[in-house]
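Here's the structure, in structure tokens; my notes come after.
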2 protein chains.
Amino acid sequence: MSGCVTVVGLGPGDPSLLTGAARLALDGAEDLIGYLPYVARVPERPGLVRHASDNRVEVDRARHALSLAASGRRVAVVSGGDPGVFAMAAAIFEAVEHGEPGWRDLAITVEPGITAMLAAAARLGAPLGGDFCAMSLSDNLKPWPVVTARLEAVLRADFVVALYNPISTARPWQLGAALDLAAGIRAPDTPVMFARAISRPDEAIRVTTLAEAPAAPADMATMVILGASGTRLIPRTGKAPFVYTPRSVPGVA
Amino acid sequence: MSGCVTVVGLGPGDPSLLTGAARLALDGAEDLIGYLPYVARVPERPGLVRHASDNRVEVDRARHALSLAASGRRVAVVSGGDPGVFAMAAAIFEAVEHGEPGWRDLAITVEPGITAMLAAAARLGAPLGGDFCAMSLSDNLKPWPVVTARLEAVLRADFVVALYNPISTARPWQLGAALDLAAGIRAPDTPVMFARAISRPDEAIRVTTLAEAPAAPADMATMVILGASGTRLIPRTGKAPFVYTPRSVPGVA
């Protein structure tokens, strides 16, 4: 049995943001599995069978990948960004743990990718320059009170916070609630960044403040970054400001 | 004035983990600036001037890069991992904010890279599968009480925690203190991962528990990941276990 599963991070969108190792894994695959828009990013070629599926069927997709690998196929499972950050890698290992005993012996590897918060931060300057957290705002897989308790904890401890899955048609109010919570803890002029579809043709970036953030447009392709108390803007003439969080926290002797 | 600065993420070490865009930025540079081991990763070629410097002179290095760019040179500043995560990007923008007014108009871009926690997570399975934080344990740039207050907050809120800069010759006790703090909050069998020099010839990975973690070797090249309450091991015969954090938190209806 020579099958294998490689969980490949496609990065934020532009092919130049793939790693060489990710590209090699795609080139060597016989089966390609993933959410439709991610599968569509990988060019068709002879010998590659594409299995695109709808969103929110991650575990079905993972079981399908593992079954194909167990039958001897070389399978690539594709995720946007990094597969280990709110993406397919955890779903694969959930399926391994609860699936066929033989799946544990499969060659399963993860090829990391540029996750959305790193791509967004790079475009903005260096907003993640200090301690930071990555949270999913979705309450599909965890109770909303857990989301708010975690968010409150990291806001009070002055982390920069990168919010994944901030909003969707089925979850229209969670981002507003999160911004309200932040407004009760951080100053109204705290920088808040909305970074949409980074590196894709419809990329859009908006640097605003906590006071103005509720008016900013956001959708499923948007990453929201809440600055910390130290996060700063560097104004520029005729261009968007740079945004960065200094490495230092005042108080070191 | 056609000079520019690109802050380039070299990823964890292996050249296959660079993005295409990062490689292109290196290929186009006239001057290469960075900490010596990172500069050494970029092959010499005619037309490339290499300026390697010692550690802990980040702002001098940043000012040097900006001065060269202001004189018309195409400068690449190299960081291991991602430049925006405990690396050179924040130092560049600090230098911009406090430096020559003309520096604000320079073309400054950041090319993201695979930061250590993503590389380590990919090797281990998917330990960052839930909400997570990235913290530097160094108290060179922030007071130690801030480090412990932040760490306690995220431990109590049940984040996975990736600890950068866990230990060095000059900071020998901070990692032990952090593990002690974690042991007072999380269960003794919580998975703790030590991932050293991922993708480099001296790569070493150890999966242990919070109870056993103080005995594990660590150095400046080590990333320590503290699991959350949900983080799980999948044992395998004759191989290291997979480690993952499920996407779900119990309690959703």
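Computed over heavy atoms, backbone and side chain alike; hydrogens, waters and symmetry mates excluded. Numbered from 1 within each chain, the chains take letters A, B, ... in sequence-line order.
Of the listed residues (T115(B), L17(B), V160(B), V147(B)), the greatest number of heavy-atom pairs within a distance under 4.5 Å of chain A belongs to L17(B). Interface remark: of the candidates P246(A), P127(A), A91(A), A119(A), A91(A) forms the most heavy-atom pairs closer than 4.5 Å to chain B. Taking G130(B), S138(B), P83(B), P241(B) one by one and counting their heavy-atom pairs under 4.5 Å with chain A, the maximum is reached by G130(B). No other option in G9(A), P12(A), P235(A) has as many heavy-atom pairs under 4.5 Å with chain B as P235(A). Looking only at heavy-atom pairs under 4.5 Å with chain B, the residue among D158(A), T237(A), V146(A), T109(A) that has the most is D158(A). Note: P112(A) leads G84(A), A162(A), P112(A), G129(A) in heavy-atom pairs under 4.5 Å with chain B. Among L118(A), V96(A), L124(A), V243(A), the residue making the largest number of heavy-atom pairs under 4.5 Å with chain B is L118(A).
M135(A) and F159(B) make their closest contact through CG-CE2, 3.6 Å (heavy atoms, listed as atom of the first residue, atom of the second, distance). The nearest pair of heavy atoms linking A157(B) to A153(A) is CB-CB, 3.7 Å. The shortest heavy-atom contact between K239(B) and L106(A) is NZ-O, 4.4 Å.
In this structure, the portions of L128(A) lying under 4.5 Å from any heavy atom of chain B include both its backbone and its side chain. Residue contact with chain A, scored on non-hydrogen atoms closer than 4.5 Å, involves the backbone and the side chain of A134(B) alike. Looking at R232(A), the atoms closer than 4.5 Å to chain B (heavy atoms on both sides) all sit in the side chain, from C-beta outward. For a residue to count as touching a neighbouring chain, one of its non-hydrogen atoms must lie under 4.5 Å from one of that chain's; by this rule M117(A) touches chain B with the side chain only. Heavy atoms of L24(A) lying under 4.5 Å from chain B are absent altogether. Proximity to chain B (any heavy atom under 4.5 Å) is shown, for F132(A), by both the backbone and the side chain. For chain B, the nearby parts of F93(A) are the backbone and the side chain; heavy atoms of each come within less than 4.5 Å. With a 4.5 angstrom heavy-atom cutoff, I92(B) does not touch chain A via any of its atoms. Residue P145(A) does not touch chain B at all, counting heavy-atom pairs closer than 4.5 Å. Looking at T245(B), the atoms closer than 4.5 Å to chain A (heavy atoms on both sides) all sit in the backbone: N, CA, C or O.
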Exercise. Any chance you could lay out the side-chain contact (heavy atoms from CB on, under 4.5 Å) test for V154(A) and R150(B), step after step, and finish with the verdict?
Key: CA-CA 8 Å; V154(A) 295; R150(B) 288 183 178 174; over 6 Å; no
Exercise. Apply side-chain contact (heavy atoms from CB on, under 4.5 Å) to the pair Y244(A) and E97(B), showing each step before the final yes or no.
Key: CA-CA 10 Å; Y244(A) 83 101; E97(B) 185 175 21; 2.4 Å; yes
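The neighbour count for R196(A) CZ, taken as heavy atoms of other residues, nucleotides or ligands under 6.0 Å away, is above 12.
At distances below 3.5 Å, at least one donor-acceptor pair connects side-chain atoms of D131(B) with backbone N or O atoms of S136(A). At distances below 3.5 Å, not a single donor-acceptor pair connects side-chain atoms of R236(A) with backbone N or O atoms of D105(B). Of the possible polar contacts, none joining the K142(A) side chain to the P250(B) backbone as a donor-acceptor pair under 3.5 Å is found. Under the 3.5 Å distance criterion, the side-chain polar atoms of E94(B) are matched with a main-chain donor or acceptor of R247(A).
Side-chain contact between S16(B) and T19(A): absent, with no pair of heavy atoms (C-beta onward) separated by less than 4.5 Å.
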